[in-house]
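Here the structure is a predicted model, which means the values were calculated and not measured. FYI, side chains are in, hydrogens and waters are out, and symmetry mates aren't considered; it's all heavy atoms of this structure. Read the numbers this way: they start at 1 and go in the same order the structure lists the ligands and their atoms.
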Amino acid sequence: MFPRLGFGLGLRPPHYQDVVEGEPRVDWWEVISENFLVAGGNPRRVLRQVRERWPVVLHGVSLSIGSVDPIDDDYLGRLATLVAEVEPPIVSDHLCWTSLGGHAGHDLWPLPYTEEALALVVDKVGRVQDRIGHRILLENPSSYVTFTASHIPEAEFLAEVARRADCGILLDVNNIYVSSTNHGWDPAAYLAAIPPERVGQIHLAGHSDEGTHLLDTHDHPVCDAVWALYGEAVARFGEVATIIERDDHIPPLDDLIAELDRARQIASPAAGAAARKVAIGG
Ligand SMILES: [Fe+2]
């Protein structure tokens with residue numbers, strides 16, 4: 001159902017020049033949709049140059065699919081235009097809400113996992129997919145609170161949204177680790193609840209340990225525990241299109257490419273279980 005794109009990176013401004021002028025060993029790029037919604041300017045110029053050489057997927061942060069607010073039609077229109085221009089193999093956003101009463105926030109807040117919320121999200125995903133003419137993937141969020149009203153495990157909720165709405169899942173392995181640690185969930189049970197045929201992309205990232213909880217900061221390399229969970233994920237889901245996200249303390253591009261090589265090693269079908277263990281432990 002989804003293209004096997006290989007191993008990519010999130011495209012970030014500090015690397016624009018190296019990417020456009022160099023030959024980085026990256027199979028594809030993910031860009032944040034909101035950074036390219038305005039026509040013209042340097043970002044769109046860079047995007048066009050990158051798109052000439054690589055597949056580029058669009059990852060959004062403000063769809064607010066879980067809000068009771070109607071979807072912002074102006075935003076959807078601009079996203080549809082960007083989709084038509086970039087022709088991305090994958091379009092994604094998050095299983096979360098970011099707005100209420102017309103006020104937009106900048107955090108990705110978790111949902112109460114109830115039948116009512118499930119029906120709302122399924123309906124809105126259908127509207128989005130019809131409007132932009134593209135199937136979307138929804139990403140599991142990192143979270144720091146849960147709702148007492150929630151009675152469906154997050155992974156089951158996400159799986160059911162994907163089945164009913166006929167959309168895909170962007171599995172963020174770091175987010176599974178962060179949320180599982182914060183809430184006492186079992187990450188292996190989380191993976192087991194996700195239908196493999198719905199997983200179109202994987203995110204890897206680093207987080208910060210705040211003592212009382214883990215914070216999804218994207219400012220560190222991927223930690224060993226997340227690499228181990230990635231090994232379990234690729235054993236279940238296969239060689240799914242994978243990127244490393246880095247949004248703060250951004251290192252030189254070559255450092256991220258070296259980190260990406262570890263993902264290639266762990267995911268390689270030729271590696272087998274023994275080699276995978278070495279790569280995870282390394
Ligand atoms: Fe992510």
May I ask you to check whether H249 and H218 place their ring centers less than 6.0 Å from one another? no
Kindly write out the residues that satisfy ring-ring contact (aromatic ring centres under 6.0 Å, His included) with H207, not counting sequence neighbours, or none if the list is empty. Y177
Would you say the ring centroid of W28 lies under 6.0 angstrom from that of W54? no
Using the six-membered ring wherever Trp is involved, compare the ring planes of F157 and Y113 and label them parallel, tilted or perpendicular (cut-offs 30° and 60°). tilted
Is D172 close enough that one of its N/O/S atoms sits under 2.8 Å from the Fe ion (ligand 1)? yes
Metal-centred angle, the Fe ion (ligand 1) as apex - ND1 of H203, OE1 of E245, 10° resolution: 90°
Measure from the Fe ion (ligand 1) to every N/O/S atom of E139 and report the name of the nearest one. OE2
